[in-house]
Amino acid sequence: VTAGPGEADQILLDRGQAALKDRSWSRARTYFSELLESYPQSPLRADAKLGVGDTFLGENNSASYVYAQNEYREFLSFYPTNPKADYAQMQLGMVHFNQMLSPQRDQTETREAIKEFQVFVDRYPNSPLINQVRQRLREARDRLSDADMIVANFYLSIRLYTGAEPRYRHVLETDPEYTRKDSLYFHLGETLEKTNKKAEALPYYERLLKEFEKSEYLAETTRRVDRLNRPPRRQRPAL
């Protein structure tokens with residue numbers, strides 16, 4: 001069937017999106033690229049541009065992520081008021097999110113993901129994608145805080161309390177919604193206890209008991225609170 005005027009670009013877009021759905025990244029990109037090259041006046045160019053970005057993101061390798069990032073940035077530059085600008089911003093965050101490493105390793109991509117997702121939250125608070133992005137943002141922030149916690153816990157394990165305390169406090173200050181805050185309260189309390197700051201330790205243990213109904217630290221924390229609240233033993237006067 002020969003496509004009539006104004007239909008060929010739509011056919012290319014439809015075929016590209018069908019191939020994208022089938023995860024046929026290269027075939028999808030061929031259709032999107034043909035639309036972009038052959039129809040410079042088409043109103044569908046923005047969708048094709050996004051499609052190219054999605055094919056590179058879907059390929060899921062370090063080289064394709066570079067191309068995906070470039071496509072989404074160009075989309076946001078060319079079409080800042082497009083109804084799908086929020087989607088492009090989310091995908092820009094996903095380029096970095098998909099490259100995040102474990103908490104023990106370098107967190108550069110995690111920081112970049114947080115930055116792009118935060119741009120989304122600030123710029124598109126009413127987007128239907130907002131909950132999805134908030135969830136990814138939470139995962140990325142948790143990853144960064146986990147990295148700090150691993151270092152702090154190591155310092156605590158080797159009794160380098162001057163290294164542990166500021167790390168725990170950093171997580172507390174920079175990530176108040178940290179998912180594993182029970183662990184943070186417990187270990188910060190322990191660090192303060194070990195450095196004879198028992199009056200400072202107690203509130204963190206108490207916050208753990210107040211804020212968490214379930215935690216692996218509840219039983220031990222209860223014991224510590226009881227111990228810290230116990231009045232000191234009176235010294236027997238010397239005979």
Side-chain angles (χ1 to χ4, degrees), residues 93-94 96-122 125 130-239:
M94 290 305 298
H96 299 290
F97 184 88
N98 288 357
Q99 297 179 85
M100 294 191 316
L101 301 177
S102 66
Q104 296 88 344
R105 299 173 67 190
D106 179 67
Q107 295 301 303
T108 300
E109 291 295 338
T110 308
R111 290 187 182 89
E112 289 298 314
I114 290 169
K115 186 174 81 176
E116 298 300 348
F117 288 143
Q118 192 59 55
V119 168
F120 181 105
V121 170
D122 294 341
I130 189 72
N131 289 338
Q132 196 176 333
V133 171
R134 284 191 191 281
Q135 184 182 334
R136 296 299 193 197
L137 179 57
R138 180 66 266 150
E139 290 176 51
R141 287 194 190 284
D142 276 347
R143 183 72 53 90
L144 201 57
S145 292
D146 284 346
D148 277 323
M149 288 291 289
I150 285 170
V151 176
N153 290 345
F154 171 72
Y155 285 146
L156 177 59
S157 73
I158 62 169
R159 300 177 184 173
L160 187 60
Y161 306 123
T162 53
E165 185 182 339
R167 285 275 182 169
Y168 291 131
R169 291 196 182 280
H170 176 74
V171 176
L172 200 60
E173 288 163 15
T174 60
D175 191 9
E177 303 300 318
Y178 180 46
T179 303
R180 289 168 278 283
K181 206 152 54 162
D182 57 335
S183 173
L184 173 56
Y185 289 153
F186 183 82
H187 290 107
L188 178 54
E190 183 172 359
T191 302
L192 293 166
E193 237 193 302
K194 299 276 190 186
T195 50
N196 292 316
K197 300 175 185 172
K198 295 180 180 179
E200 287 183 53
L202 186 59
Y204 291 110
Y205 290 145
E206 288 174 336
R207 281 165 75 176
L208 195 161
L209 297 179
K210 183 181 177 184
E211 293 176 25
F212 291 88
E213 290 181 7
K214 291 182 179 178
S215 169
E216 62 184 292
Y217 303 105
L218 285 181
E220 178 58 28
T221 302
T222 301
R223 281 193 288 273
R224 292 184 183 190
V225 168
D226 289 344
R227 188 181 68 235
L228 289 173
N229 279 326
R230 211 174 290 148
R233 287 183 180 178
R234 281 187 181 178
Q235 297 253 332
R236 286 185 179 179
L239 296 174

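All heavy atoms count here, side chains included; hydrogens, waters and symmetry mates do not.
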(request) List the steps and the verdict of salt bridge (charged side-chain N to carboxylate O under 4.0 Å, His left out) for R134 and E177. (result) CA-CA 12 Å; R134 284 191 191 281; E177 303 300 318; over 6 Å; no

(message) Are L137 and V121 packed together at the side-chain level, in the sense that at least one heavy-atom pair is separated by less than 4.5 angstrom?
(response) yes

(request) Answer whether the closest heavy-atom distance between the side chains of R224 and F186 falls below 4.5 Å. (result) yes

List the atom of [X], the atom of [Y], and the distance in Å for their closest heavy-atom pair.
X: A201; Y: E193; result: CB-N, 3.9 Å
X: D175; Y: R141; result: OD2-O, 3.5 Å
X: R167; Y: A152; result: CB-CB, 3.5 Å
X: G93; Y: E116; result: CA-CB, 3.7 Å
X: A147; Y: P103; result: CB-O, 3.3 Å
X: A140; Y: I114; result: CB-CG1, 3.6 Å

(message) I'd like to know whether R207 forms a side chain to side chain contact (heavy atoms under 4.5 Å, CB included) with F212, so could you lay out the CA-CA distance, the side-chain angles of the two residues, the decisive distance to 0.1 Å, and finally the verdict.
(response) CA-CA 8 Å; R207 281 165 75 176; F212 291 88; over 6 Å; no

(request) Quick one: do R138 and D142 satisfy salt bridge (charged side-chain N to carboxylate O under 4.0 Å, His left out)? Show the steps, please. (result) CA-CA 6 Å; R138 180 66 266 150; D142 276 347; 3.0 Å; yes

Interatomic distance, [X] atom [atom1] to [Y] atom [atom2] [nearest 0.5 angstrom]:
X: H96; Y: E112; atom1: NE2; atom2: CD; result: 5.0 Å
X: T221; Y: D182; atom1: OG1; atom2: CG; result: 8.5 Å
X: M94; Y: Q99; atom1: CE; atom2: CD; result: 11.0 Å
X: L202; Y: L228; atom1: CG; atom2: CG; result: 5.5 Å
X: N229; Y: E206; atom1: CG; atom2: CD; result: 6.0 Å
X: T110; Y: E139; atom1: OG1; atom2: CD; result: 11.5 Å

(request) Evaluate the criterion side chain to side chain contact (heavy atoms under 4.5 Å, CB included) for residue pair R180 and M149; output intermediate values, then yes/no. (result) CA-CA 10 Å; R180 289 168 278 283; M149 288 291 289; over 6 Å; no

(request) Indicate whether the side chain of D148 and that of Y168 have a donor and an acceptor atom separated by less than 3.5 Å. (result) no

Is it true that a side-chain atom of [X] and a backbone atom of [Y] form a donor plus acceptor pair closer than 3.5 Å?
X: E173; Y: V171; answer: no
X: Y205; Y: E190; answer: yes
X: R143; Y: L101; answer: yes
X: Q118; Y: A113; answer: no

(request) Assess the pair Y217 and H187: is the distance between their ring centroids shorter than 6.0 Å? (result) yes

(request) Please report the C-alpha distance between K197 and E165 in whole Å, then the side-chain angles of each, then the deciding distance to 0.1 Å, and finally whether the side chain to side chain contact (heavy atoms under 4.5 Å, CB included) criterion is met. (result) CA-CA 11 Å; K197 300 175 185 172; E165 185 182 339; 3.0 Å; yes

(request) Quick one: do Y204 and L172 satisfy side chain to side chain contact (heavy atoms under 4.5 Å, CB included)? Show the steps, please. (result) CA-CA 11 Å; Y204 291 110; L172 200 60; 3.6 Å; yes

(message) Quick check on E213: does its CD atom have over 12 non-hydrogen neighbours (other residues, nucleotides or ligands) under 6.0 Å away?
(response) no

(message) Would you say that more than 12 heavy atoms from the other residues, nucleotides or ligands in this model lie under 6.0 Å from the CZ of R227, or not?
(response) yes

